[in-house]
There are 2 protein chains.
Amino acid sequence: MLRLSKLTDYAVVVLVRLDAGLELQTSPGIAAAIGVPEPTVAKVLKSLSAGGLVTSLRGARGGYRLARALEDIPVGEVIAAMDGPIALAACVDGSATECESLALCPVRGRWDPVNDAIQRALSAISLADMREAAIPAVFRVPHTAELGRSDASRQ
Amino acid sequence: MLRLSKLTDYAVVVLVRLDAGLELQTSPGIAAAIGVPEPTVAKVLKSLSAGGLVTSLRGARGGYRLARALEDIPVGEVIAAMDGPIALAACVDGSATECESLALCPVRGRWDPVNDAIQRALSAISLADMREAAIPAVFRVPHTAELGRSDASRQ
DNA sequence: ACATAACCGGACCGTCGCAGTCCTGATTAG
DNA sequence: CTAATCAGGACTGCGACGGTCCGGTTATGT
Ligand code: FES
Ligand code: FES
């Protein structure tokens, strides 16, 4: 599937929201704005902060701010901040993992070109490109009301 | 991490192995050649067959054969055959999943360009490109001897 | 015709990473 | 000093993935 984690998905939404004109936004505020549970948004913000994509101000009246403009944030960097470095195979080059049995590993560095191609593709697209896509009428989400417990259908 | 499944990794090895000059190779034979358990190799072969990347001949003296030359098999097709269609987000366009609550989904189709870029990158690289990478001295792997229980170090 | 070899299509289960929540500090405004 | 906010973990439930196995089918060869 080559799916990326859902947290990364939220990260993009959060970052786009951070570019909404305001200078400083709090975690609960963002959560209310995009309709995602606050703890989850907080987690995303932390990872983003650790990745250097947003800057944080602690203490009362603190909050988060974009570290760079959306145009300067490639989507690959967001993925790296959330899901760790991009590595298709177990061992590409950032061989932080194991693989002592190199001799009998038939895929020794074989995925490197593929990995590199993807990384290049992800670096060519910025968050600004994704922002253009669309931002539907989501910003008027009720932040206090219970969103209806949308357990809708169990599949 | 954007990691692909280990089965896909094996698939590439198997496919490269299938291009080893022989006309027809059996599942146990391939397993012995690349040093991977037979049931796992069989599973990979089945997925590959279902994906139309290899053709199979049943019955005694049956086996597998490449459906197309390695040059004509983009790596993206292998990934699609093993891990299903490439879809970064939950909903790209093959919205086989759910997402009835479109109204409050802030990522509505936002990942499409990224997804497309990756797909293009994966289509540009063929298995022949990966075969060039290297095939170390793996083909002489002992298929009967126990490989030594390499539990080595627990890190 | 029979036995054999190989593929086919599942079911099955253990493991592991992910999604989501929560709690205890550290920091700063007022 | 108190309140608000971020920081950094620990914790748990769940679902996908990795790997194995089994009965069934097809074809070869004697
Ligand atoms: S998995 Fe690391 S070298 Fe093979
Ligand atoms: S997850 Fe499918 S539309 Fe949002």
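Below, each value reflects all heavy atoms present in this structure, side chains not excepted, and no hydrogens, waters or symmetry copies. Fair warning: this is a prediction, and the values are worked out from it, not measured in the lab. Lettering of chains follows the sequences in order, A, B, ..., and the numbering in each one begins at 1.
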**Asked** For A:E38 and D:dC6, what is the distance between atoms CD and P respectively, to the nearest whole Å?
**Response** 10 Å
**Request:** Name the nucleic acid region contacted by B:L7, choosing base, sugar-phosphate or nothing; use a 4.0 angstrom heavy-atom cut-off, strictly under.
**Result:** sugar-phosphate
**Request:** Determine whether any donor atom in the side chain of A:R58 lies under 3.5 Å from an acceptor atom in the base of D:dT5, or the reverse, and answer yes or no.
**Result:** no
**Message:** Could you tell me how far apart A:Y64 (OH) and D:dT5 (C1') are, to the nearest whole angstrom?
**Reply:** 8 Å
**Request:** Quickly work out the A:L24 CG to C:dT28 C1' distance and round it to whole Å.
**Result:** 13 Å
**Asked** Closest to the A:A60 side chain: D:dG19, D:dA3, C:dT4?
**Response** D:dA3
**Message:** Does B:K6 reach a base, just sugar-phosphate, or nothing at all? Heavy atoms under 4.0 Å.
**Reply:** sugar-phosphate
**Prompt:** So what does A:L57 hit on the nucleic acid, given a heavy-atom distance under 4.0 Å: a base, only sugar-phosphate, or nothing?
**Reply:** sugar-phosphate
**Request:** Specify the residue among A:Q25 and B:K43 whose closest nucleotide of DNA chain D lies further upstream toward the 5′ end.
**Result:** A:Q25
**Request:** Give a yes/no answer on whether the side chain of A:T40 brings an N or O atom under 4.0 Å of OP1 or OP2 in C:dT21.
**Result:** yes
**Item:** Candidates D:dC6, D:dG8, D:dA4 - which lies nearest the side chain of A:S27
**Value:** D:dC6
**Euclidean distance, atom CG of residue B:D83 to atom C1' of D:dC17 [Å, nearest integer]** = 9 Å
**Prompt:** Nearest-Å distance, CG (A:L45) to P (C:dG20)?
**Reply:** 15 Å
**Prompt:** Rounded to whole angstrom units, what separation is found between the CG atom of A:D9 and the P atom of C:dG20?
**Reply:** 11 Å
**Asked** Closer than 4.0 Å, any side-chain N/O of A:S5 to the OP1 or OP2 of C:dG17?
**Response** no
**Message:** Closest approach to the side chain of A:T26, judged atom by atom: which nucleotide of D:dT5, D:dA27, C:dC7 is it?
**Reply:** D:dT5
**Message:** Could you tell me if the side chain of A:P113 sits less than 4.5 Å from the side chain of A:D116, heavy atoms only?
**Reply:** no
**Asked** Has A:S49 got a side-chain N or O lying under 4.0 Å from the OP1 or OP2 atom of D:dA7?
**Response** yes
**Prompt:** Looking only at heavy atoms, what is the nearest atom pair of A:P28 and A:E38, with distance?
**Reply:** CB-OE1, 4.0 Å
**Item:** Whole-Å gap separating P (D:dA16) and CG (A:L4)
**Value:** 16 Å
**Message:** Do A:Y64 and A:L70 sit in one hydrophobic cluster, given that two such residues count as connected whenever their side-chain heavy atoms are within less than 4.5 Å of each other, even indirectly?
**Reply:** yes
**Prompt:** Could a donor-acceptor pair under 3.5 angstrom be found where the side chain of B:R61 meets the base of D:dA27?
**Reply:** no
**Request:** Salt-bridge test for A:R131 and A:E71: reply yes if a basic N is under 4.0 Å from a carboxylate O, no otherwise.
**Result:** yes
**Asked** Are any non-hydrogen side-chain atoms of B:Y10 and B:T40 less than 4.5 angstrom apart?
**Response** yes
**Prompt:** Among the nucleotides D:dC6, C:dC8, C:dC22, which one has an atom lying closest to any side-chain atom of B:K46?
**Reply:** C:dC8
